[in-house]
Undergrad: 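Let me give you the structure first, and then I'll get to my questions.
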Amino acid sequence: MKIATFNVNSVKARLPRVLHWFEEAAPDVAVLQEIKCVDEAFPREAFEDLGYHVEVHGQKTYNGVAFLSKHPVEEVQRGLPGFEDEQSRYIEALVVPDEAEPVRVGGLYMPNGNPAPGPKWDYKLSFIEALTQHMEDRLAAEEAFLVAGDYNIIPDPTGVYDPDRWREDALFRPEARAALRRMLNLGYTSAVHALMAENYYTFWDYQGGAWKKNNGLQIDHLLLTPEAADRLEAAGVDTDVRDPEVGPSEAKPSDHVPVWVELS
DNA sequence: ATGGTAGCGTGGCTA
């Protein structure tokens with residue numbers, strides 16, 4: 001079962017490219033971030049035509065997440081439990097395939113947190129606390145569960161093209177790195193980290209020719225409980241999706257690329 | 001040198 005995360009940076013502006021990726025990658029489950037539209041405006045039929053169930057936790061203008069599954073889904077949750085949030089940044093559901101074991105999947109769009117310090121940084125820290133608590137609670141259930149998404153955290157210096165320039169940034173500050181480390185120390189496994197030997201990025205800024213210079217960041221992750229990690233067979237990053245020369249020409253690429261795992 | 005990119009929505013915020 002293939003499970004993917006993709007920050008699309010507006011699902012409406014990106015639709016031809018997103019659909020093209022869905023047809024090629026054919027994920028069983030995909031979580032999308034920054035859809036930037038309300039539930040009613042989500043292009044539901046386009047994904048249903050490809051065979052997906054569609055669950056949306058949308059928001060006008062900013063943020064917004066979606067959950068797409070070829071298999072039946074149950075227990076859909078919007079937002080983190082116990083965390084009042086005007087911003088739509090988390091969606092979760094239990095995927096119940098006919099011919100595979102169930103897996104619970106969370107779709108995450110972590111606050112950026114810049115500038116730090118400041119109210120946006122404080123919001124990121126409080127969001128991290130709620131997410132970590134939720135991940136701890138889910139871990140205790142001892143079921144196959146993973147949180148896939150845009151964590152907006154660079155794990156270590158190999159995840160950024162110029163670490164020294166990013167020391168004070170909310171994506172790379174010690175507190176952010178410690179937060180991700182704390183999630184891993186609970187018992188979660190970062191799937192791509194575990195299976196890919198070489199360095200990789202998942203985001204390249206639109207500015208400054210970042211793609212051509214390979215000035216990237218590693219900020220999209222999939223964190224798996226032991227019960228999910230036991231089923232981990234493969235993981236990957238669809239880097240080509242960021243290339244303006246590759247794929248449909250009707251739309252520009254997102255600044256993020258899809259990241260995925262295969263579970264048995 | 002205080003720009004430079006993209007999306008939303010039509011001025012300025014967010015990333």
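Below, all heavy atoms of this structure are taken into account, side chains as well, without hydrogens, waters or symmetry copies. Letters A, B, ... mirror the listed sequences (proteins, then strands); counts begin at 1. Worth saying up front: this structure is predicted, and the values here are computed from it rather than measured.
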Undergrad: On a whole-Å scale, what distance lies between the P atoms belonging to B/dT14 and B/dG9?
TA: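 One P to the other, the span is 14 Å.
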
Undergrad: Please determine whether a side-chain nitrogen or oxygen atom of A/Arg14 lies at a distance below 4.0 Å from atom OP1 or OP2 of B/dA6.
TA: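 For B/dA6, neither OP1 nor OP2 has a side-chain N or O of A/Arg14 closer than 4.0 Å.
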
Undergrad: Does a donor on one side chain and an acceptor on the other come within less than 3.5 Å for A/Asp255 and A/Trp211?
TA: no

Undergrad: Could you check how far CD of A/Glu34 sits from C1' of B/dC13, rounded to whole Å?
TA: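 A/Glu34 atom CD is separated from B/dC13 atom C1' by 13 Å.
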
Undergrad: Verify the contact: side-chain N or O of A/Lys60 to OP1 or OP2 of B/dG9, cut-off strictly under 4.0 Å; return yes or no.
TA: yes

Undergrad: What is the distance, to the nearest angstrom, from the CE atom on A/Met110 to the C1' atom on B/dA15?
TA: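 In whole Å, B/dA15 C1' lies 15 Å from A/Met110 CE.
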
Undergrad: From CD of A/Glu86 over to P of B/dT14, roughly how many Å is that when rounded to an integer?
TA: 13 Å

Undergrad: Within the structure, does a side-chain N or O atom of A/Lys252 lie under 4.0 Å from either OP1 or OP2 of B/dT5?
TA: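 Answer no for this pair, as no side-chain N or O of A/Lys252 is under 4.0 Å from OP1 or OP2.
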
Undergrad: Just how far, in rounded Å, is P of B/dT14 from OH of A/Tyr123?
TA: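 Answer to the nearest Å: 12 Å.
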
Undergrad: Return whichever of A/Pro253 or A/Asp150 has its heavy-atom-nearest nucleotide of DNA chain B closer to the 5' end.
TA: A/Pro253

Undergrad: Considering heavy-atom distances to DNA chain B, does A/Tyr206 or A/Arg89 have its closest nucleotide positioned more toward the 5' end?
TA: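 It is A/Tyr206, whose closest nucleotide lies nearer the 5' terminus.
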
Undergrad: Please measure how far the P atom in B/dG12 lies from the corresponding atom in B/dG3, and state the result in whole Å.
TA: 14 Å

Undergrad: What nucleic acid atoms does A/Tyr109 come within less than 4.0 Å of, heavy atoms only: base, sugar-phosphate, or nothing?
TA: sugar-phosphate

Undergrad: Quick one: sort the A/Tyr200 and A/His193 rings into parallel, tilted or perpendicular, breaks at 30° and 60°.
TA: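 Taking A/His193 first and then A/Tyr200, their aromatic rings stand perpendicular (interplane angle over 60°).
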
Undergrad: Rounded to whole angstrom units, what separation is found between the CG atom of A/Asp255 and the C1' atom of B/dG7?
TA: 10 Å

Undergrad: So does A/Tyr62 reach the base of B/dC13 with its side chain, donor to acceptor, closer than 3.5 Å?
TA: yes

Undergrad: Between A/Tyr161 and A/Asn199, does any side-chain donor sit less than 3.5 Å from a side-chain acceptor?
TA: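 A/Asn199 and A/Tyr161 do not have a side-chain donor-acceptor pair below 3.5 Å.
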
Undergrad: Can you tell me the distance, in whole Å, between the CD atom of A/Gln207 and the C1' atom of B/dG3?
TA: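 Answer to the nearest Å: 9 Å.
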
Undergrad: Hey, does the side chain of A/Thr61 come within less than 4.0 Å of B/dG7's phosphate (OP1/OP2), counting only N and O?
TA: no

Undergrad: Report the distance from atom CZ of A/Arg242 to atom P of B/dT5, rounded to the nearest whole Å.
TA: 13 Å

Undergrad: From CD1 of A/Ile153 over to P of B/dA15, roughly how many Å is that when rounded to an integer?
TA: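 The answer, rounded to whole Å, is 15 Å.
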
Undergrad: Quick one: is the NZ or CZ of A/Arg177 closer than 6.0 Å to the six-membered ring centre of A/Phe172, and within 45° of its axis?
TA: yes

Undergrad: Taking atom types as modelled, find out whether A/His256 and A/Gln33 have a side-chain donor-acceptor pair closer than 3.5 angstrom.
TA: no

